[in-house]
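Presented below is the structure to which this report refers.
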Amino acid sequence: MRRFLLISVLGLASACGGPDTSMDAAESLGESRQRLALMDYQASNTASATSPATSAHYNVDLVANEAVMIGTCGLTDAIFTGDTFLRLYNSSATEVANNDQNCYGSGSKLSYTPTTSGSYLLRAGCWSSGSCTGTVAIARRKGAPVFFSASNTNDAQVNTFNKQYSFTGGEVVRVSTCELSSTGAAASGDTYLRLYRNVSGVFTLVASNNNAAALGCGTASEIVYSVPASGYYQFRAGCAGNTACSGNVTVYVE
């Protein structure tokens, strides 16, 4: 059972270390998600998260040029009731990002790319004078969006654009061309994504997606995958059938 705190918030995150590239070293899925879930909160009368006295607060460390998404919706383990509101402040107490309704009508998800590394203050509250609860999660993008252009890929099986990453067992990764759910992603045409696990040069397909229509993405594609073991994983970007397409692929860890 989750514990909810009004102003003093239960912080669950801690800084993540570098990835363990050993394929046999698997980290607990629960532990990884716990690091990336920032806090649980309940609040009311926060004046749209502008009131320090009634809003919840959490200090989160961000890295320069590492894009993040922080939300009570649209991310793994993010949960909300009521109409949540999130605001993010830098070390000078200047608001740098905010969001009221990003997904599912009343959930909140803000996006931000810091120009400097450091501790940022997240203020979580509710719209106007209402009451709400939320579990706030964070997704960190691995590098810049990757542009690709392809054709005649036979559902992303040949002539694809490929890129490899190292992930830690227990992480949840989001590979996407859908701009609605992943900041920086983009799609033109009918994109197709496949994700492979690389073990000593042998690639095994672990996930794929053509149309993430249920997310409102239309013909854009998105894979959300729970990494079972540390090691190297490769996405392959292509197009549905033998059509032509292009886009920006983003990879987030959440």
Side-chain angles (χ1 to χ4, degrees), residues 16 18-33 36 69 74-77 137 139-254:
C16 299
D20 183 348
T21 56
S22 169
M23 292 302 298
D24 296 324
E27 181 181 57
S28 162
L29 177 61
E31 290 177 358
S32 178
R33 286 187 175 178
L36 294 175
M69 298 187 295
L75 299 174
T76 302
D77 287 347
R140 299 176 185 268
R141 196 171 71 200
K142 293 178 73 75
V146 179
F147 175 77
F148 81 97
S149 180
S151 61
N152 300 313
T153 69
N154 189 23
D155 291 340
Q157 297 182 89
V158 295
N159 303 322
T160 55
F161 179 90
N162 307 333
K163 188 171 178 61
Q164 185 163 271
Y165 295 84
S166 175
F167 297 125
T168 299
E171 291 179 335
V172 176
V173 299
R174 184 181 299 266
V175 184
S176 182
T177 62
C178 178
E179 62 182 342
L180 291 178
S181 61
S182 298
T183 302
S188 176
D190 194 345
T191 60
Y192 205 121
L193 293 173
R194 294 181 183 269
L195 184 66
Y196 292 80
R197 181 181 176 186
N198 179 357
V199 181
S200 301
V202 177
F203 292 87
T204 301
L205 179 67
V206 295
S208 66
N209 182 259
N210 178 17
N211 298 328
L215 301 175
C217 299
T219 56
S221 307
E222 183 164 279
I223 294 171
V224 179
Y225 179 69
S226 297
V227 177
S230 301
Y232 291 99
Y233 292 78
Q234 182 187 88
F235 79 71
R236 299 180 185 179
C239 317
N242 286 308
T243 61
C245 66
S246 62
N248 290 334
V249 181
T250 57
V251 177
Y252 284 86
V253 174
E254 56 187 77

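Position 1 is the first residue of the sequence; numbering continues from there. Note that these values count all heavy atoms, side chains included, but never hydrogens, waters or copies made by symmetry. Keep in mind it's a predicted model, so treat the numbers as computed, not measured.
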Legend entry - Beyond-backbone contact of Ser149 with Phe147, side-chain heavy atoms, under 4.5 angstrom: yes
Legend entry - Check: Phe167 and Val253 side chains under 4.5 Å, non-hydrogen atoms: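 The answer is yes, as the side chains (C-beta and beyond) meet within the 4.5 Å cut-off.
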Validation: residues 242-251 side-chain donor-acceptor distances under 3.5 Å, sequence neighbours left out:
from, atom 1, to, atom 2, distance (Å)
Asn242, OD1, Asn154, N, 3.1
Thr243, OG1, Ala240, O, 2.7

Counting distance only, does the side-chain N/O of [X] pair as donor-acceptor with the main-chain N or O of [Y] below 3.5 Å?
X      : Y      : result
Thr153 : Cys239 : yes
Arg197 : Val227 : no
Tyr252 : Thr183 : yes
Asn159 : Asn152 : yes

What closest approach, in Å, do [X] and [Y] show between heavy atoms, and which atom pair accounts for it?
X      : Y      : answer
Leu205 : Arg194 : CD2-NH1, 3.5 Å
Glu254 : Ala139 : CB-CB, 3.6 Å
Ser181 : Ser176 : OG-OG, 4.0 Å
Tyr232 : Ser166 : CE2-CB, 3.7 Å

Nearest-0.5 Å distance that lies between atom [atom1] in [X] and atom [atom2] in [Y]:
X      : Y      : atom1 : atom2 : answer
Asp155 : Leu193 : CG    : CG    : 12.0 Å
Tyr165 : Asn198 : OH    : CG    : 14.5 Å
Met69  : Ser182 : CE    : OG    : 4.5 Å
Phe235 : Leu195 : CZ    : CG    : 9.5 Å
Lys163 : Gln234 : NZ    : CD    : 10.5 Å

Inset, instruction - For residues 142-206, pull every pair meeting disulfide bond (SG atoms under 2.5 Å apart), keeping only residues two or more places apart or in separate chains. - result: Cys178-Cys217
Inset, instruction - Please assess Asn162 against Tyr196 for the test side-chain contact (heavy atoms from CB on, under 4.5 Å), listing each intermediate value before the final yes or no. - result: CA-CA 10 Å; Asn162 307 333; Tyr196 292 80; over 6 Å; no
Inset, instruction - Please assess Val175 against Tyr225 for the test side-chain contact (heavy atoms from CB on, under 4.5 Å), listing each intermediate value before the final yes or no. - result: CA-CA 8 Å; Val175 184; Tyr225 179 69; over 6 Å; no
Legend entry - Residue list, side-chain hydrogen bond (donor to acceptor under 3.5 Å, both in side chains) with Ser208, at least two apart or on another chain: none
Inset, instruction - Please name all residues satisfying side-chain hydrogen bond (donor to acceptor under 3.5 Å, both in side chains) with Thr191, sequence neighbours left out, ordered by chain then number. - result: Thr177, Ser221
Legend entry - Sequence neighbours excluded - salt bridge (Lys or Arg N to Asp or Glu O under 4.0 Å) pairs with any residue from residues 220-239: Arg174-Glu222
